[in-house]
Protein chains: 2
Amino acid sequence: MSALKRRSNCPVSSSLDIWGDKWSLLIVRDLMFSKQCTYGDFLKSAEKIATNILASRLQMLEENGIITKLEHPDSKAKVLYKLTQKGIDLLPLMVEINLWAEKYFSLPEDRLAIIREVKKDKEGFVKATTKELQRNSNLT
Amino acid sequence: MSALKRRSNCPVSSSLDIWGDKWSLLIVRDLMFSKQCTYGDFLKSAEKIATNILASRLQMLEENGIITKLEHPDSKAKVLYKLTQKGIDLLPLMVEINLWAEKYFSLPEDRLAIIREVKKDKEGFVKATTKELQRNSNLT
DNA sequence: AATTTTGCTTTCAAATTGCAAGTGCAAATA
DNA sequence: TATTTGCACTTGCAATTTGAAAGCAAAATT
């Protein structure tokens with residue numbers, strides 16, 4: 001299933017071929033917030049992704065090197081997902097999505113608070129958060 | 001058809017509810033490159049969008065205030081589409097997509113050239129291009 | 001040993017996509 | 001003036017994808 005077929009060699013089109021759907025970036029979002037998630041964690045998110053769709057997206061994202069699967073330290077039944085560097089590098093994009101959304105949607109206060117922080121020093125936020133996510137991905 | 005239903009009040013999810021599919025951002029891309037496009041222009045793009053999908057996406061983007069329709073100066077048979085401010089504000093996002101793609105895809109030289117320019121002064125590029133697009137949207 | 005949790009897979013109806021052909025109006029051409 | 005062409009869609013239909021629900025095997029808990 002699903003090796004990457006690029007519709008064209010346009011950067012936008014090629015990117016959308018990987019994560020251009022209604023769900024993939026929500027998985028990435030969850031991993032940026034939580035650093036690492038189990039299958040069940042993703043299912044708990046507010047948008048209520050169907051379990052079959054979740055499975056297929058996780059596979060797609062793994063095949064395309066955005067996330068990795070690793071074993072949970074305290075249980076063989078659980079699986080941990082986390083972002084690869086390629087996934088972490090989606091952070092600037094994620095930030096811009098938030099900034100756009102802040103301008104055009106009414107958002108809950110907790111998210112607004114974060115966005116306000118980001119706006120004070122966007123580059124700084126990206127750098128710091130990137131480091132945090134990288135640090136997390138090194139403690140295998 | 002299709003008033004916006006937000007799956008949750010998360011900024012990412014809400015944004016994806018509008019343009020989170022394989023085609024919408026390609027339409028936005030075309031409009032950022034060309035300032036204004038006819039229906040036929042969109043059909044000519046490399047990714048070969050199906051005409052019914054194009055029609056439904058244009059409607060969706062218009063309903064959500066990302067693009068506007070206006071009459072072509074020299075023919076009633078033609079329709080011009082262009083970005084609204086809300087659509088122009090997707091530029092920073094579009095820039096980040098390009099920067100991410102540059103890191104992880106091999107891209108044609110003409111696109112790489114643009115991306116290299118952008119990287120020299122990202123903020124400057126966004127500001128200048130935003131102005132250009134705004135200027136275009138004022139000469140009705 | 002029995003039950004529950006976890007990470008999926010399967011099933012199937014409903015929705016969306018993609019391809020091809022068609023429609024209606026405007027403008028260019030004969 | 002009649003006719004063909006161009007443009008912006010719409011329609012029909014098969015194929016793919018989605019979404020909701022149920023099922024399943026291995027591991028953990030009771």
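Throughout, protein chains are lettered first and strands after them, A, B, ... in sequence-line order, and every chain is numbered starting at 1.
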Counterpart residues, salt bridge (Lys or Arg N to Asp or Glu O under 4.0 Å), relative to Lys35(B) (two or more places apart): Glu132(B)
Residues passing the salt bridge (Lys or Arg N to Asp or Glu O under 4.0 Å) test with Lys131(A), sequence neighbours excluded, are none
Take the C1' atoms of the five end pairs on each side of the helix from dA1(C)-dT30(D) to dA30(C)-dT1(D), get both axes, and report the angle to 10 degrees. 10°
Which is true for Lys22(A) with a 4.0 Å heavy-atom rule: it touches a base, it touches only sugar-phosphate, or it touches nothing? nothing
Contact class for Tyr81(B) (heavy atom, under 4.0 Å): base, sugar-phosphate, or nothing? sugar-phosphate
Under the side-chain contact (heavy atoms from CB on, under 4.5 Å) criterion, do Ser24(A) and Ile18(A) qualify, and how do the steps go? CA-CA 8 Å; Ser24(A) 297; Ile18(A) 296 185; over 6 Å; no
Does a nitrogen or oxygen in the side chain of Lys69(B) sit under 4.0 Å from OP1 or OP2 of dC9(D)? yes
Taking it one step at a time, do Leu54(B) and Ile27(B) satisfy side-chain contact (heavy atoms from CB on, under 4.5 Å)? CA-CA 9 Å; Leu54(B) 176 58; Ile27(B) 292 173; 3.8 Å; yes
Listed pairs under 3.5 Å, donor-acceptor, residues 103-112 of chain B side chains, sequence neighbours left out:
{"residue": "Lys103(B)", "atom": "NZ", "partner": "Asp89(A)", "partner atom": "OD2", "Å": "2.9"}
{"residue": "Tyr104(B)", "atom": "OH", "partner": "Asp89(A)", "partner atom": "OD2", "Å": "2.4"}
{"residue": "Glu109(B)", "atom": "OE2", "partner": "Arg116(B)", "partner atom": "NH1", "Å": "3.4"}
{"residue": "Glu109(B)", "atom": "OE2", "partner": "Arg116(B)", "partner atom": "NH2", "Å": "3.0"}

What I want to find out is whether Glu47(A) reaches Arg29(A) closely enough, with some N-O distance under 4.0 Å, to be called a salt bridge. yes
What does nucleotides 17-22 of chain C look like as a protein-contact string, B for base, S for sugar-phosphate only, - for none, at under 4.0 angstrom between heavy atoms? SBB-B-
With the sugar-phosphate defined as primed atoms, P, OP1 and OP2, and the base as all remaining atoms, what B/S/- string results for nucleotides 24-30 of chain D, 5' to 3', for protein heavy atoms under 4.0 Å? ---SS--
Please give, in whole Å, the distance from dG19(D) P to Phe42(A) CZ? 17 Å
